[in-house]
Amino acid sequence: MQAASGEVHVLHERVPIDTVLADPHTPAAVHEHLEQVRAAREFASQELGLPDNDSYRSYADIGRPYVVWNVVAAPEFSVAPKRWCFPVAGCVAYRGYFHEQPARDFALALESQGLDVAVDGVPAYSTLGKFADPVLSSMLRYGDDDLAATIFHELAHQLLYVRDDSEFNEAFATTVEYVGLERWLAHQGATARMQAFRDEQQRERELVSLLTAARVRLEQLYASPLPRDEMVAKKAEVFTQLSVEIRALERRQGVTYPLYEEWIAAGLNNARLASVATYFECVPGFMRLLHEQGDDLPRFYAAVRKLAELPRSERHARLCTPQTTATG
């Protein structure tokens, strides 16, 4: 009921982007962002082969920083996320709420059951083409390039979505997001922004590699026959070491990751690592598949559809093994 009510509210707030741009009262910053959105949306369909429909051709000011808050949970001694099942999306590795407090309340209830829990705000989501998804005011906070990337990501979900496989779906959309943004920047001749994007990708790969290595160490720990007290202590050691490694990486890179600093302050846990794995664990495999198809997106999409027909375990073995992630 809360999901249906939240979706109705979002849809009710939609206004065609052309109408918003023609309105003299539209703030200059919003006008500038939506001009870029309109151009990126056309590029998505014409050059990236993404759905040419009414999604992201309207705008909704939702009046809050995030459109939904996702709750991710994992058992005390497992990095595999708990899954929830829904009529349209199938079984997914998170549970979304349109308001923050119910998400926090649900997370507390899960924590009381002994689960590791994470709650994060999300600026956008896809209804998988069931509705004409609007550009949301929550998406405008991150700059034009991130805005374009988000649109490419969400349209990729509309192009291909496999029930009951969040890792496959999110990594596919993330791959399309990366490739789409690089081609969008090249199309614009934005050389400096292209280099900044590539530098950011390299930093992200280094960070994800740290998180993946920690996840592998924990998987090995949780599979061991250690007594519970000893396992609790060693689990804490892994997360303490991961915090030290993230801070050391920040110093080497000369950057600070506010989100991960928040995670460290709140306490790293299994759910945090599970949420990162959902989006990134299979990306190197998808990138390899794209290169095997000559970096041709239509051929890549066709190859991904063939993989989607395989049993979940088989497609994950081809794309999502920890070794692939760590060395990709």
Side-chain angles (χ1 to χ4, degrees), residues 3 6-7 50 66-75 78-98 103 106-107 110 115-130 133 149-178 204 208 211-212 214-216 218-219 259 263 269-287 289 301 304-322 324-325 328:
E7 179 62 27
L50 295 173
Y66 300 107
V67 64
V68 295
W69 282 261
N70 279 348
V71 179
V72 178
S78 173
V79 288
K82 179 177 173 61
R83 298 179 187 277
W84 290 274
C85 300
F86 304 95
V88 175
C91 298
V92 296
Y94 47 83
R95 182 161 170 160
Y97 288 83
F98 278 90
F106 183 64
L110 294 175
L115 296 171
D116 283 12
V117 179
V119 181
D120 290 300
V122 179
Y125 66 93
S126 173
T127 60
L128 308 178
K130 302 298 182 182
D133 297 322
T150 300
I151 291 171
F152 301 154
H153 183 108
E154 300 303 339
L155 285 172
H157 283 314
Q158 294 189 17
L159 181 71
L160 178 67
Y161 184 88
V162 180
R163 285 178 63 88
D164 307 334
D165 199 341
S166 297
E167 293 81 3
F168 186 88
N169 294 324
E170 295 300 346
F172 168 68
T174 298
T175 302
V176 173
E177 168 191 333
Y178 289 165
E204 183 179 82
V208 170
L211 300 174
T212 300
R215 189 166 181 263
V216 171
L218 288 168
E219 286 177 333
L259 176 60
W263 287 11
N269 61 27
N270 295 333
R272 293 295 185 192
L273 294 187
S275 66
V276 172
T278 296
Y279 281 82
F280 295 106
E281 186 171 79
C282 307
V283 169
F286 276 107
M287 293 299 294
L289 181 61
Y301 297 152
V304 173
R305 287 190 178 94
K306 288 184 179 179
L307 282 177
E309 296 172 358
L310 298 176
R312 186 179 190 274
S313 60
E314 188 171 344
R315 58 178 176 261
H316 276 242
R318 295 192 183 190
L319 292 172
C320 312
T321 61
T324 299
T325 304

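Please read all numbers here as calculations on a predicted model, not as lab measurements.
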Output for pair (Phe152 CZ, Leu159 CG), nearest 0.5 Å, gives 13.5 Å
Within a strict 4.5 Å, meaning less than it, do heavy atoms of the Tyr301 and Leu50 side chains meet? yes
Could you tell me if the side chain of Tyr66 sits less than 4.5 Å from the side chain of Asp120, heavy atoms only? no
For the residue pair Leu289 and Thr175, establish whether any side-chain heavy-atom pair is separated by less than 4.5 Å. no
Walk me through whether Thr150 and Glu177 qualify under side-chain contact (heavy atoms from CB on, under 4.5 Å). CA-CA 7 Å; Thr150 300; Glu177 168 191 333; over 6 Å; no
Does the pair Asn169 and His157 meet the rule for a side-chain contact (heavy atoms from CB on, under 4.5 Å), with working shown? CA-CA 7 Å; Asn169 294 324; His157 283 314; 4.2 Å; yes
So which atom in Ala156 and which in Ala173 form the shortest heavy-atom distance, rounded to 0.1 Å? CB-CA, 3.8 Å
Any donor and acceptor pair, going by atom type alone, linking the side chain of Asn269 with main-chain N or O of Ala118 inside 3.5 Å? no
Rounding to 0.5 Å, atoms CD (Glu281) and CZ (Phe286) come to a distance of 11.5 Å
Could you check if a side-chain atom of Ser126 sits within less than 4.5 angstrom of a side-chain atom of Asp133, using non-hydrogen atoms only? yes
Mind checking the OH-CG spacing from Tyr125 to Asn70? Nearest 0.5 Å is all I need. 11.5 Å
Without placing hydrogens or testing angles, list every side-chain donor-acceptor pair under 3.5 Å for residues 81-91, not counting sequence neighbours.
{"residue": "Arg83", "atom": "NH2", "partner": "Glu167", "partner atom": "OE1", "Å": "3.3"}
{"residue": "Arg83", "atom": "NH2", "partner": "Glu167", "partner atom": "OE2", "Å": "2.7"}

Are Glu309 and Arg315 close enough that some pair of their side-chain heavy atoms sits under 4.5 Å apart? no
Does the side-chain contact (heavy atoms from CB on, under 4.5 Å) test come out yes or no for Asp164 and Arg312, once each step is laid out? CA-CA 9 Å; Asp164 307 334; Arg312 186 179 190 274; 5.8 Å; no
Measuring only between side-chain heavy atoms, which start at C-beta, is Phe98 closer than 4.5 Å to Val67? yes
Can you tell me if Asn270 and Asp116 form a side-chain donor-acceptor pair at under 3.5 Å? yes
Test side-chain contact (heavy atoms from CB on, under 4.5 Å) applied to Tyr161 and Phe172, step by step: CA-CA 9 Å; Tyr161 184 88; Phe172 168 68; over 6 Å; no
Do Leu218 and Arg215 come close enough that some side-chain heavy atom pair is under 4.5 Å? no
Gap between atom CG of Leu310 and atom NE2 of His316 - 0.5 Å precision: 11.0 Å
Would you call Arg318 and Glu314 a salt bridge, using N to O less than 4.0 angstrom? yes
